[in-house]
Amino acid sequence: MNTLLNAIEPDDTDRVQPPPPPLATTQTDAENGIAGIFKQSAHPAALFCLYLFRIAAISVYILCGLFTDNYVLSTVAVVVLLAMDFWNCRNVAGRTLVGLRFWNQVDEDGESYWVFESRDPSRPANPVDSRMFWIALYTFPTLWLLLLVISIVRFSLAFIPIVILALVFNVTNAVGFTYADRDAKQRWANSVAASSWSMGMGGLGGQLLTSAVKNSVGKLFG
């Protein structure tokens with residue numbers, strides 16, 4: 001933002017000029033506001049799309065009755081936005097903002113299992129991106145759960161399936177990324193333990209270090 005320059009006329013030398021507005025001098029000040037968040041983000045486009053799809057889906061659901069009485073059109077619009085958000089969060093935002101990804105895979109015997117993918121621990125995620133991702137991941141399922149309660153109380157039975165679908169999409173991503181994050185930290189703990197053995201810390205010392213790392217990770221991350 002351009003700095004406002006105050007010109008002082010020669011005959012107004014006695015006039016006291018107001019002090020300029022203070023600039024952000026600390027990290028806390030810089031983080032205040034949406035502009036500061038996006039400025040400090042390493043991937044502002046991915047962060048913007050994450051919140052765009054999520055806010056758009058819940059806003060269309062709440063406000064669609066003000067613009068149209070067409071139930072089918074409203075339902076299709078919300079479902080499309082939910083599907084876009086689900087795909088973007090799992091395949092783009094999660095991988096870009098926190099370095100995590102998950103999917104369900106079926107083996108040759110027909111057994112399905114979760115597959116987790118994580119970024120190299122030597123390349124940690126941007127703290128702003130990470131914090132905003134986890135806030136979005138857990139906040140919006142709570143909002144959809146609140147809307148489900150409101151729909152039940154108001155007997156809006158026609159909209160309950162939409163809210164349930166939104167909960168399925170949002171909770172699936174929340175659970176998947178939670179387990180992916182836990183898996184990444186567990187593998188990091190195992191790699192630290194393995195490196196201790198390779199550095200000649202075998203025996204009782206290596207066992208104690210391995211146990212301490214695994215226990216600390218378990219206590220911190222469930």
Side-chain angles (χ1 to χ4, degrees), residues 1-3 20-60 80-105 114-144 166-195 213-214 216-222:
M1 185 175 182
N2 295 331
T3 304
L23 299 177
T25 57
T26 65
Q27 182 177 357
T28 302
D29 293 335
E31 289 179 359
N32 291 334
I34 298 177
I37 292 174
F38 283 103
K39 182 178 294 186
Q40 295 185 78
S41 171
H43 306 280
L47 183 61
F48 174 78
C49 290
L50 173 66
Y51 276 84
L52 174 65
F53 291 137
R54 298 207 153 203
I55 294 175
I58 203 167
S59 299
V60 171
V80 168
L81 288 170
L82 288 172
M84 294 173 65
D85 168 63
F86 179 77
W87 183 90
N88 174 73
C89 182
R90 193 179 70 167
N91 297 288
V92 179
R95 183 179 58 184
T96 305
L97 300 178
V98 292
L100 298 173
R101 192 182 175 198
F102 72 94
W103 64 91
N104 188 268
Q105 189 167 319
W114 290 98
V115 179
F116 303 111
E117 186 179 77
S118 61
R119 179 185 297 163
D120 187 343
S122 63
R123 296 166 48 232
N126 180 284
V128 174
D129 289 338
S130 178
R131 181 168 62 252
M132 296 305 297
F133 175 82
W134 293 111
I135 289 175
L137 198 69
Y138 294 127
T139 299
F140 284 89
T142 305
L143 296 177
W144 282 111
L167 279 172
V168 170
F169 281 163
N170 282 261
V171 171
T172 299
N173 272 333
V175 173
F177 278 111
T178 299
Y179 276 98
D181 184 57
R182 184 179 302 176
D183 177 77
K185 290 179 171 64
Q186 185 63 44
R187 286 193 284 114
W188 173 82
N190 292 337
S191 67
V192 171
S195 65
V213 171
K214 289 186 176 180
S216 62
V217 170
K219 291 179 181 179
L220 288 175
F221 306 106

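Under the 4.5 Å side-chain criterion, counting only non-hydrogen atoms from C-beta, F133 is in contact with F177. The side-chain heavy atoms of W144 and I58, taken from C-beta on, include a pair separated by under 4.5 Å. Side-chain contact between D181 and V98: absent, with no pair of heavy atoms (C-beta onward) separated by less than 4.5 Å.
No side-chain donor-acceptor contact under 3.5 Å links R101 to the backbone of V115. In terms of modelled atom types and a separation under 3.5 Å, the side chain of Y51 and the main chain of M132 share a donor-acceptor contact. For the pair N126 (side chain) and Q40 (backbone), a donor-acceptor distance under 3.5 Å is present. For the pair S41 (side chain) and I37 (backbone), a donor-acceptor distance under 3.5 Å is absent.
The distance from the CG atom of L137 to the OG1 atom of T178 is 6.0 Å, given to the nearest 0.5 Å. Here the CG atom belonging to L50 is positioned 9.0 Å from the CD1 atom belonging to I55, to the nearest 0.5 angstrom. To the nearest 0.5 Å, atoms CZ (R119) and CG (L97) are separated by 8.5 Å. Atom CG of L47 and atom CG of L52 lie 11.0 Å apart (nearest 0.5 Å).
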Check residues 81-94 and write down every donor-acceptor pair under 3.5 Å in which the side-chain atom is one partner and the other belongs to a residue at least two apart or another chain.
unit_1, atom_1, unit_2, atom_2, d
D85, OD1, R54, NE, 3.0
D85, OD2, R54, NE, 3.2
N91, ND2, W87, O, 3.1

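Residue Y138 places its OH atom among more than 12 non-hydrogen atoms of other residues, nucleotides or ligands, all under 6.0 Å distant. At most 12 non-hydrogen atoms from other residues, nucleotides or ligands lie less than 6.0 angstrom from OH of Y179.
The minimum heavy-atom distance linking A184 with S118 is given by the pair CB-CB, 3.5 Å. Taking each heavy atom of A46 and T96 in turn, the nearest pair found is CB-CG2, 4.1 Å.
Relative ring orientation between F102 and W114 is described as tilted, the plane-to-plane angle lying within the 30° to 60° band.
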